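By convention in this document, chain letters (A, B, ...) are assigned in the order of the sequence lines, proteins followed by strands, and residues within each chain are numbered from 1. Everything numeric here is computed off the predicted structure, so don't read it as measured data.
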2 protein chains.
Amino acid sequence: MNTTDSPSAPSARTTVRRSPHRGVYDRDTVNAIFDDALISYVGFVADGSPFVIPTIHARVAETLYFHGSPASRMLRLMKNGAEVSVTATLVDSIVVARSAFNHSLGFRSAMVIGEARIVDDPDEREISLEAITEAVLPGRWDEARLPTRNEDKGTLLVAVPIEEFSAKVRGSEVNDKDEDYDLPIWAGAIPLSTRVGTPQPDPRLAAGIEIPESVRRFTGTA
Amino acid sequence: MNTTDSPSAPSARTTVRRSPHRGVYDRDTVNAIFDDALISYVGFVADGSPFVIPTIHARVAETLYFHGSPASRMLRLMKNGAEVSVTATLVDSIVVARSAFNHSLGFRSAMVIGEARIVDDPDEREISLEAITEAVLPGRWDEARLPTRNEDKGTLLVAVPIEEFSAKVRGSEVNDKDEDYDLPIWAGAIPLSTRVGTPQPDPRLAAGIEIPESVRRFTGTA
């Protein structure tokens with residue numbers, strides 16, 4: 001689906017039009033954004049209408065994977081090799097400018113457009129199921145009860161190649177008009193990040209089961 | 001665009017298909033999700049392809065507003081009254097199940113499908129510009145240098161009615177299979193929220209300008 005020879009060059013569709021200096025087209029940047037983001041937004045066209053569904057994803061090399069029930073509208077449509085757009089965004093800050101007009105967000109956003117492919121190969125299915133669990137909580141695959149044959153059969157797995165892609169990155173710098181720097185108005189940035197709280201045990205947890213390594217690492221509890 | 005008489009009933013397009021018990025169709029829930037979310041994801045169709053663009057939004061009563069440069073691809077397409085889908089999602093937790101299969105996220109997600117409308121009326125333009133600034137940082141409109149006539153002219157404002165909508169809400173409860181509750185595997189939830197950091201002044205900030213009320217309130221600094 002690339003319209004250029006270079007795997008890292010943007011196509012006409014993924015070229016950043018607005019603020020082109022913020023367009024980033026290298027694969028590492030795009031991969032890092034998808035790896036950092038817990039969910040992405042899958043856009044698709046159904047009966048001519050645009051839909052956007054938030055979903056868990058995992059990246060394995062140059063492929064994004066999604067999973068779900070075969071009954072889901074999104075995944076049923078993907079069955080037909082439909083074209084999809086996948087966007088993930090991390091908001092890093094609120095940019096507080098002197099002028100109302102120049103208020104903004106610091107962010108990193110990645111977009112991929114590609115054709116969905118149903119994952120049938122048993123090896124690829126296992127790799128992608130593991131990757132999706134690991135994307136939710138790193139280290140969890142080796143702790144959890146692994147999928148049964150029925151659970152595996154009941155899961156639709158979809159792959160989207162990271163071939164036609166771009167990223168857009170805005171730092172936290174303030175960009176006010178020259179004349180506004182003399183105004184007696186505060187400007188700067190408010191950093192935003194994800195706060196990870198204290199693990200809450202399932203009320204049905206049996207006595208004597210300790211918090212596992214994956215949860216301790218993720219929550220920074222020793 | 002509603003396909004039913006009730007303003008709060010879902011249409012065929014906004015009915016939650018998967019896990020229908022998680023579908024929520026009241027306006028207050030949808031409004032609250034858009035109010036809490038700093039960005040939303042706007043899906044649209046261009047040349048038959050789906051696009052998903054993250055953007056700042058504001059809600060005023062039963063309308064969502066977006067702004068941007070008249071040169072942006074998204075906003076240029078919206079000019080034509082194109083159909084758009086707007087989705088905002090808040091991730092509240094990682095749900096850690098005993099089985100890999102039942103790992104999930106606790107989340108609140110809202111979706112609106114509607115026809116975009118360009119905002120031309122001067123009063124509505126001012127209300128929506130104020131709402132967008134206030135959505136980024138409450139209380140900032142009264143502190144910032146307000147838009148000039150040129151800035152106003154250089155801003156495309158788009159409205160999408162919250163008429164055809166739905167929400168999907170999943171709490172942080174673990175849903176394992178009955179037989180899995182006997183496994184010696186920890187289960188529970190890891191709460192996630194937004195961490196608001198310490199305000200970082202613009203390096204070009206003139207001496208003697210104190211952190212304003214809006215920033216102090218947002219960051220919880222006295």
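- Contacts with chain B were tallied for A:N102, A:V215, A:T219, A:V95; A:V215 has the most, counting heavy-atom pairs under 4.5 Å.
- Looking at A:V91, only its side chain comes within 4.5 Å of chain B, counting heavy atoms on both sides.
- Surrounding CD of B:E126 are at most 12 heavy atoms belonging to other residues, nucleotides or ligands under 6.0 Å away.
- For the options B:I132, B:L105, B:L137, heavy-atom pairs under 4.5 Å to chain A are most numerous at B:L105.
- For A:S109, the part lying under 4.5 angstrom from a heavy atom of chain B is the side chain only.
- Between chain B and the residues A:A187, A:S93, A:P147, the largest count of heavy-atom pairs under 4.5 Å involves A:A187.
- Residue with the most contacts toward chain A among B:S85, B:S172, B:G154, B:G68: B:S85 (heavy-atom pairs, distance under 4.5 Å).
- Interatomic distance, OG1 of A:T87 versus CZ of B:F51, reported as 9.5 Å (0.5 Å rounding).
- The nearest pair of heavy atoms linking B:Y181 to A:D202 is CE2-OD2, 3.6 Å.
- With a 4.5 Å cut-off on non-hydrogen atoms, B:T198 touches chain A through its backbone but not through its side chain.
- A distance of 7.5 Å separates CD1 of A:I53 from NZ of B:K168, quoted to the nearest 0.5 Å.
- Salt bridge B:D176/A:R204: absent, no basic N to carboxylate O contact under 4.0 Å.
- Of the listed residues (B:G197, B:P201, B:S193), the greatest number of heavy-atom pairs within a distance under 4.5 Å of chain A belongs to B:S193.
- Between the OG atom of B:S99 and the CD atom of A:E151 there is a distance of 5.5 Å, given to the nearest 0.5 Å.
- Within the 4.5 angstrom heavy-atom criterion, only side-chain atoms of A:T133, from C-beta onward, approach chain B.
- Taken from CD1 in A:I209 to CH2 in B:W186, the straight-line distance is 10.5 Å, to the nearest 0.5 Å.
- Contact of A:L205 with chain B is made through backbone and side chain together, with heavy-atom distances under 4.5 Å.
- With a threshold of 4.5 angstrom between heavy atoms, A:E210 approaches chain B through N, CA, C or O but not through any side-chain atom.
- Using a 4.5 Å cut-off between heavy atoms, A:T148 contacts chain B through its side chain alone, with no backbone atom that close.
- Looking at A:I39, the atoms closer than 4.5 Å to chain B (heavy atoms on both sides) all sit in the side chain, from C-beta outward.
- Contact tally against chain B (heavy-atom pairs below 4.5 Å) for A:A189, A:G43, A:P199, A:S104: the top residue is A:A189.
- Between the side chain of A:T89 and the backbone N or O of B:P54 there is no donor-acceptor pair closer than 3.5 Å.
- Judged by distance alone, the side chain of A:R145 and the main-chain N or O of B:F101 form no donor-acceptor pair under 3.5 Å.
- Taking each heavy atom of A:E83 and B:G48 in turn, the nearest pair found is OE1-O, 4.1 Å.
- For the set B:D182, B:V42, B:T155, B:D180, the count of heavy-atom pairs under 4.5 angstrom toward chain A peaks at B:D180.
- Contact count against chain A (heavy-atom pairs under 4.5 Å) is highest for B:P50 among B:P50, B:A206, B:G208, B:G188.
- At least one donor-acceptor pair closer than 3.5 Å links the side chain of B:R140 to the backbone N or O of A:A97.
- Here the CZ atom belonging to B:F218 is positioned 5.5 Å from the CG atom belonging to A:L192, to the nearest 0.5 angstrom.
- Among A:V136, A:V84, A:I211, A:D47, the residue with the largest count of heavy-atom pairs under 4.5 Å with chain B is A:I211.
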